[in-house]
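Here is the structure we will look at, set down as structure tokens.
Throughout, protein chains are lettered first and strands after them, A, B, ... in sequence-line order, and every chain is numbered starting at 1.
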Amino acid sequence: MMARQLVLAISPPPEPTFENFAPGANAELLARLREMASGALRESVLYLWGERGCGRSHLLQATLRVAMRARLAVRDDVDRLDEAAQIALFNLINEARESGGCVLAAGPCPPAQLALRADVRSRLGWGLVYQVQPLSDAEKAVTLRAEAERRGLRITDEVLWYLLNHVRRDLPSLFAILDELDRKSLERQRPITLPLVRESLRGLDM
Amino acid sequence: MQHLWDACLRRLEQELPAQQFNTWIRPLALDAAASDPGSLTLLAPNRFVLELVRDRFGERIRRFAGEAAPQPVEIHIVLARSPDPAPRPAARTNGHTPPTLERARLNPAFSFESFVAGKANQLARAAALQVAENPGISYNPLFVYGGVGLGKTHLVQAIGNALAAHRPAAKIRYCHAEQYVTDVVRAYQQRSFEEFKRYYHSLDLLLIDDIQFISNKGRTQEEFFYAFNALVEAHKQIVITCDTYPKEIAGMEERLISRFGWGLTVAIEPPELEMRVAIVLKKADAEGVPLSEEIAFFIAKHIRSNVRELEGGLKKVLAFSRFNNRELSLDLAKEALRDILNVASRQITVENIQKTVAEFFKLKLSDMHSKKRSRNVARPRQVAMALAKDLTQMSLPEIGDAFGGRDHTTVLHACRTISTLRKQDQSLNRDYLVLEQVLKG
């Protein structure tokens with residue numbers, strides 16, 4: 001314990017962009033978002049949904065980052081909007097449709113299943129609705145390896161597949177484990193091996 | 001330059017399947033005035049054709065033109081100047097809209113012509129037509145209610161547009177109730193109530209949408225009450241829409257509720273299948289896209305909740321076709337809508353139905369399984385059974401089991417009873433339709 005190496009947090013997560021989003025089966029959605037950002041999309045409402053960790057927020061922020069149009073409104077986690085915020089979103093969508101603005105919204109499920117006011121729900125389903133398709137395991141392996149390389153970590157295939165078989169497989173969870181492995185391997189001055197992975201997972205309670 | 005374009009057309013006609021040629025290439029027109037030997041300008045009738053031709057055939061057209069000319073030819077494809085047929089409200093701000101409609105805040109795309117009529121809305125449509133022809137005389141107010149996304153806004157704006165067309169001097173105002181609230185608040189802050197009153201009381205036709213938005217807003221309701229009285233007394237027409245019928249609006253003053261019932265109250269119900277097909281076809285037509293009935297039928301069959309989501313479904317199919325450079329087909333529609341289809345089929349379970357029905361009728365969930373036979377429990381239970389039969393693939397014995405181990409003949413009896421009652425009892429029919437809409441999302 002005494003010999004523990006102290007680790008500085010010097011590897012902030014990269015800013016969300018279109019370039020660092022692993023596209024998987026979401027090519028069409030990405031094309032739409034780029035159109036929306038550049039003002040080329042004719043549609044005033046785009047709603048995207050997917051399970052936790054699928055990259056919704058990443059995509060919203062990436063779109064906002066490169067948005068050239070002034071009248072783009074973004075609402076993440078619409079399922080958590082209170083009554084007043086729902087009415088604001090209702091007005092926003094009406095306005096966008098009337099005067100050529102754009103609303104980009106995201107939530108955990110398709111519009112029809114959102115526990116929101118019915119008039120907001122149906123408006124979210126009015127435009128284009130896309131599910132953010134989760135990556136396949138093979139695509140996750142590629143993404144995870146790329147992220148490891150970005151951090152200067154070397155991980156073996158064995159470790160990679162162990163992770164994909166033993167923990168929640170959304171990218172934020174996988175990246176969180178990578179963080180922990182990064183820290184542990186620096187602390188211990190040890191390469192990332194299976195025993196280290198097992199120990200880290202115990203520590204993370206995963 | 002016409003000969004150059006004709007040469008291209010001949011080559012394209014040889015190379016492309018007839019359907020593609022007729023759908024995408026034939027609608028293009030040469031803009032001779034803007035073309036010269038080094039460049040051709042082609043006019044596309046709508047954006048969809050424009051984008052698709054540019055993405056898919058642009059390169060080929062350029063090549064063919066180059067082959068027919070002594071020099072390389074540039075190709076420009078632009079939108080023809082005629083107004084965009086798509087119901088794009090943004091058109092309002094571009095200066096082409098007549099000033100009457102601009103002042104009235106009406107969207108010219110919402111006309112009676114573009115409104116798809118069917119069993120679900122025929123009464124409301126007939127009443128709206130009457131009101132547009134004889135404002136202030138036939139029904140005052142006209143109160144149109146129904147679930148979300150069924151075309152209430154379209155219908156009331158159609159009244160405004162029709163009146164504006166045959167009486168251009170009429171003072172018309174379309175106003176969402178939320179906007180009305182904002183106007184009241186502003187008048188309050190700026191102490192300009194007199195002006196506010198003068199304006200609203202001077203209208204010939206006031207179209208107020210989603211009146212439920214003024215629920216629990218005392219000051220707004222008071223102002224609306226005065227406006228209502230002033231207009232009705234002067235035989236000026238008021239048209240109101242709402243998500244429910246007058247007596248059921250929560251948080252609304254009694255004197256307003258009773259006034260809402262003075263004229264005619266009509267419902268818009270969710271569209272049946274044939275009408276949904278017609279709506280999809282009409283929307284596709286407005287986009288300038290030829291859509292087969294088979295595809296329209298597929299979309300309409302699977303998206304049943306409301307017209308907005310129907311429109312969203314069509315857009316999804318068109319966007320998918322464009323992105324993947326694939327022609328519209330049934331298979332393509334299935335692929336484009338697979339998220340929606342999976343979700344819908346997963347969503348409706350008997351537990352879900354029981355919970356929704358119990359909540360709707362303010363019963364306990366256990367009442368759905370209990371042996372109680374009092375009317376106020378038994379009727380909702382029958383409604384739930386009928387919904388389970390309509391909306392799930394379960395067998396009658398399975399449904400019986402799910403309702404506290406009842407016999408399948410009990411379920412059958414429930415289904416028949418509800419079916420008969422729906423024809424006789426409007427309010428039960430409405431409850432049933434609302435529940436169906438809630439369950440289907």
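- Under the 3.5 Å distance criterion, the side-chain polar atoms of B/Gln212 are matched with a main-chain donor or acceptor of B/Asp243.
- Residues of residues 21-28 of chain A lying within less than 4.5 angstrom of chain B, judged on heavy atoms, are A/Ala27, A/Glu28 in numerical order.
- No part of A/Tyr47 comes within reach of chain B, as not one of its non-hydrogen atoms sits under 4.5 angstrom from that chain.
- Look at A/Arg117 and A/Glu83 and you find a salt bridge, because one of the NZ, NE, NH1 or NH2 atoms lies within 4.0 Å of a carboxylate O, short of that distance.
- Judged by a 6.0 Å distance limit and a 45° cone about the ring axis, B/Lys315 is not positioned over the six-membered ring of B/Phe320.
- Using a 4.5 Å cut-off between heavy atoms, A/Arg123 touches chain B through backbone and side chain atoms alike.
- Heavy atoms closer than 4.5 Å to chain B are found in both the backbone and the side chain of A/Asp119.
- Cation-pi check for B/Arg430 over B/Tyr245 is met; the charged atom lies under 6.0 angstrom from the ring centroid and within 45 degrees of its normal.
- In this structure, B/Glu351 does not pair ionically with B/Lys355, as no charged nitrogen and carboxylate oxygen lie closer than 4.0 Å.
- Listed by first then second residue, pairs satisfying salt bridge (charged side-chain N to carboxylate O under 4.0 Å, His left out) with a partner in residues 177-186 of chain B read B/Asp183-B/Arg186, not counting sequence neighbours.
- For B/His302 and B/Phe298, the gap between ring centers is short of 6.0 Å.
- Neither the backbone nor the side chain of A/Leu124 comes within less than 4.5 Å of any heavy atom of chain B.
- No salt bridge links B/Lys283 with B/Glu287; every basic N to acidic carboxylate O contact stays at or beyond 4.0 Å.
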